[in-house]
Amino acid sequence: CNTGKADAIKKANDKWKALYVQLAPLGKIPIACFIVNDTQRGVDVWEHLVKLKIPSAKIAVHLNKARDVIMDRKGSLNGLIDTYTGKQTEDRSPQTLRAQGFTHIIWNLTLREGWDEPLAYVAYIDQHGKSVTDIVQKIGRFVRQPDASPFSDADLNAAYFYFNITDKMFTDLIEETQSEMQTEGYE
């Protein structure tokens, strides 16, 4: 877990690519989410994804004031698409973002109760400013099944998480997730 941010983002994107190939014959496109706790770190993630050759038009930067951060850094939007600032609530939903063709979504505090996107298969979670409880709640957003029906391919019946957290935090995360699953169960 003491993996560098760039390596964790690359591994998450590599898994997304593999799932894309598996889901394409079924007419479905997986979503990769990159969960951060502040806009500065989210723009860092966006920059890493662009370096990985993800088209900017496929990356929803769903962070308040992302436009301001990139303008301060680069002097222009540089291809960044801010899908949050100034948008109405209905225009911020995962379903709307998917319908607009986004395959990679960078989130922060907007990933809360009520958020649902069953095709969100891959998550990169950045520890900065997060508690173990907050991360466990985020994991819960990803244990959904598209069409509430299992696939014959086991890879398509799982969610994949890539963490940029310390080993100690990871140990605590596993223990709390196991406890939560035993207490609350899962859908």
Answer whether the closest heavy-atom distance between the side chains of [X] and [Y] falls below 4.5 Å.
{"X": "Asn13", "Y": "Ile54", "answer": "yes"}
{"X": "Tyr160", "Y": "Leu19", "answer": "yes"}
{"X": "Leu156", "Y": "Leu26", "answer": "yes"}
{"X": "Lys28", "Y": "Tyr121", "answer": "no"}

| For residues Tyr84 and Asp82, is any side-chain donor paired with an opposing acceptor at under 3.5 Å? |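 On atom types as modelled, these side chains do not qualify, holding no pair under 3.5 Å.
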
Smallest separation among heavy atoms of [X] and [Y], with atom names:
{"X": "Ile35", "Y": "Ala123", "answer": "CD1-CB, 4.3 Å"}
{"X": "Cys33", "Y": "Ala120", "answer": "SG-CB, 4.2 Å"}
{"X": "His48", "Y": "Ala6", "answer": "CE1-CB, 3.6 Å"}
{"X": "Ile81", "Y": "Phe102", "answer": "CG2-CZ, 3.9 Å"}

Rounded to the nearest 0.5 Å, how far apart are [atom1] of [X] and [atom2] of [Y]?
{"X": "Arg41", "Y": "Ile106", "atom1": "CZ", "atom2": "CD1", "value": "13.0 Å"}
{"X": "Leu49", "Y": "Tyr124", "atom1": "CG", "atom2": "OH", "value": "10.0 Å"}
{"X": "Trp46", "Y": "Leu63", "atom1": "CH2", "atom2": "CG", "value": "12.0 Å"}
{"X": "Ile105", "Y": "Arg98", "atom1": "CD1", "atom2": "CZ", "value": "9.0 Å"}
{"X": "Thr103", "Y": "Lys17", "atom1": "OG1", "atom2": "NZ", "value": "11.5 Å"}
{"X": "Ile31", "Y": "Leu23", "atom1": "CD1", "atom2": "CG", "value": "10.5 Å"}

| task | Before accepting this row, confirm whether a basic side-chain N of the pair Asp14/Lys10 lies closer than 4.0 Å to the acidic partner's carboxylate O. | result |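 Looking at Asp14 and Lys10, the cut-off is met.
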
| field | Note: Arg73-Asp44 ion pair, threshold 4.0 Å (strictly below) | value |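 Answer for the salt bridge query: yes.
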
| request: Evaluate side chain to side chain contact (heavy atoms under 4.5 Å, CB included) for Asp38 paired with Val36, printing each intermediate quantity in order. | output: CA-CA 6 Å; Asp38 68 50; Val36 297; 5.9 Å; no

| Is a donor on one side and an acceptor on the other found under 3.5 Å between the side chain of Trp107 and the backbone of His62? |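 Looks like no, no N/O pair under 3.5 Å.
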
| Do side-chain atoms of Thr39 reach the backbone of Ala66 as a donor and acceptor pair under 3.5 angstrom? |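 The answer is no, because no donor-acceptor pair under 3.5 Å joins these two groups.
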
| message | Classify the ring geometry of His104 against Phe34: parallel below 30°, tilted from 30° to 60°, perpendicular beyond 60°. | response |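 Correct class here is parallel.
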
| message | Does the structure place the NZ or CZ of Lys11 under 6.0 Å from the centre of the six-membered ring of Tyr162, at an angle of no more than 45° from the ring's axis? | response |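 Negative - Lys11 is either too far from the ring of Tyr162 or too far off its axis.
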
